[in-house]
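Only one structure is covered here, and it is reproduced in the block below.
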Amino acid sequence: MGGKVIWLGAGAAPGVPSLSFGWGHCRADNPKNFRTRTSTFVEIGGVRILIDTCPDIRGQMVRNNIRYLDAVLYTHAHADHVHGIDDLREVNRIMGTNLCIYGGAKTIRYIKHNFSYLIAKADKVKNVVRTPSLVPCVVKANHPFFIKGVKVMPIKLLQHCPECLGYVFNDGEYVHIADFKRVADSAFKAVLGRPKLMSIPLTTPYGAIQHAGLDEVRNVIGRFNPERVVINHMASECDYDEVNAATDDNVLPAYDGLKIEF
Ligand SMILES: [Zn+2]
Ligand SMILES: [Zn+2]
């Protein structure tokens, strides 16, 4: 089908600079090191999908002029991936319709519990003009679904608590990996042929109990073997030039607003 991905924000939960560590290991004179939190916009075959609503989502959507969405996918129920959800009301207002949000069972439960005022009431789902709101849809790893003809396969990401899903679009046109320590073996089977483009998080180069480091990220890239890779979700330990130098030629660190067509 072809499409494009915009990395709306390339930062981990604290952003760069962060309140506690400032620029950390990042060179302050490189504008690519200024990072808001992680949300990603995917347009594929004309279908417009947002992955995660980070706390910086309002500014990200204004800067990139994103006003219409066909769906929102959630990877997991951490604040840096969810807590901008209130700003979806603006999309409801612009479009005058309900908006479907997809996520794993625990993620959707978290959203329904903590943001119940945003969820479409059963009797109001059809009443889209008066009270446009969010319609939650639970998805499961390895069970594909379609958004207006785009095939989306949720894949299981392991050892990052709470449960976390990645998403494979159209059998591998675009592969989106979210916070992970390990990728389930079943995820690699969701990709047919060589992926055109992949996004993968590198929170710190040396990793942590819940986050993959550079070695684990390289290993996953090797197994998927995509044509192009973008590294995102970087904390202040990840300097743009250093990550770029430490990775292969087909691997690019993300920066806020990076756009790649495939
Ligand atoms: Zn995160
Ligand atoms: Zn997380």
Side-chain angles (χ1 to χ4, degrees), residues 5-21 24-26 33-42 49-61 72-88 101-111 113-115 139 141 154-167 175-184 187 198-214 216-217 220-221 229-238 240 243 253-258:
V5 177
I6 306 175
W7 284 263
L8 302 174
V16 182
S18 71
L19 273 174
S20 57
F21 289 120
H25 197 67
C26 293
N33 279 326
F34 182 91
R35 300 179 186 124
T36 57
R37 275 65 68 85
T38 297
S39 293
T40 312
F41 176 73
V42 182
I49 298 167
L50 178 67
I51 305 177
D52 290 335
T53 52
C54 78
D56 299 310
I57 192 69
R58 186 195 68 84
Q60 294 173 343
M61 290 179 78
V72 181
L73 305 184
Y74 282 99
T75 59
H76 64 298
H78 270 162
D80 58 318
H81 295 255
V82 175
H83 283 202
I85 190 169
D86 187 74
D87 291 324
L88 292 179
I101 60 169
Y102 297 83
K106 287 180 184 165
T107 306
I108 293 296
R109 197 185 313 144
Y110 174 89
I111 290 171
H113 180 77
N114 291 290
F115 303 97
V139 296
I155 57 173
K156 196 176 261 185
L157 306 174
L158 302 171
Q159 289 169 252
H160 182 76
C161 190
E163 75 174 4
C164 191
L165 293 176
Y167 293 101
V175 177
H176 186 89
I177 310 279
D179 302 19
F180 80 106
K181 182 72 173 173
R182 217 161 55 72
V183 175
M198 182 168 108
S199 178
I200 188 163
L202 176 74
T203 308
T204 65
Y206 39 84
I209 295 170
Q210 289 199 32
H211 286 289
L214 201 46
E216 291 143 318
V217 165
V220 172
I221 292 173
V229 184
V230 172
I231 304 247
N232 77 346
H233 198 274
M234 290 175 285
S236 57
E237 289 88 342
C238 298
Y240 181 91
V243 173
Y255 51 85
D256 285 23
L258 170 67

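Just follow the structure's listing: the first ligand is 1, and inside any ligand the first atom is 1.
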Number of protein N/O/S atoms that sit closer than 2.8 Å to the Zn ion (ligand 2): 4
Residues Glu216 and Lys181 bridged, charged N to O under 4.0 Å: yes
From Asp56, Asn232, Val16, residue fulfilling side-chain contact (heavy atoms from CB on, under 4.5 Å) relative to Arg35: Val16
Identify each donor-acceptor pair in which a side-chain atom of residues 199-210 lies under 3.5 Å from a protein atom, sequence neighbours left out, and give them as a table.
| unit_1 | atom_1 | unit_2 | atom_2 | d |
| --- | --- | --- | --- | --- |
| Ser199 | OG | Trp7 | NE1 | 2.9 |
| Thr203 | OG1 | His211 | ND1 | 3.0 |
| Thr203 | OG1 | His233 | ND1 | 3.1 |
| Thr204 | OG1 | Gly207 | N | 3.1 |
| Tyr206 | OH | Glu237 | OE2 | 3.2 |
| Gln210 | OE1 | Cys161 | N | 3.0 |

Minimum-distance pair of heavy atoms, taken over all atoms of Arg37 and Pro14: CD-C, 4.2 Å
Minimum heavy-atom distance Leu50-Asp52, with the two atoms named: CG-O, 3.6 Å
Test item: side-chain donor near acceptor, Tyr74 and Thr53, under 3.5 Å: yes
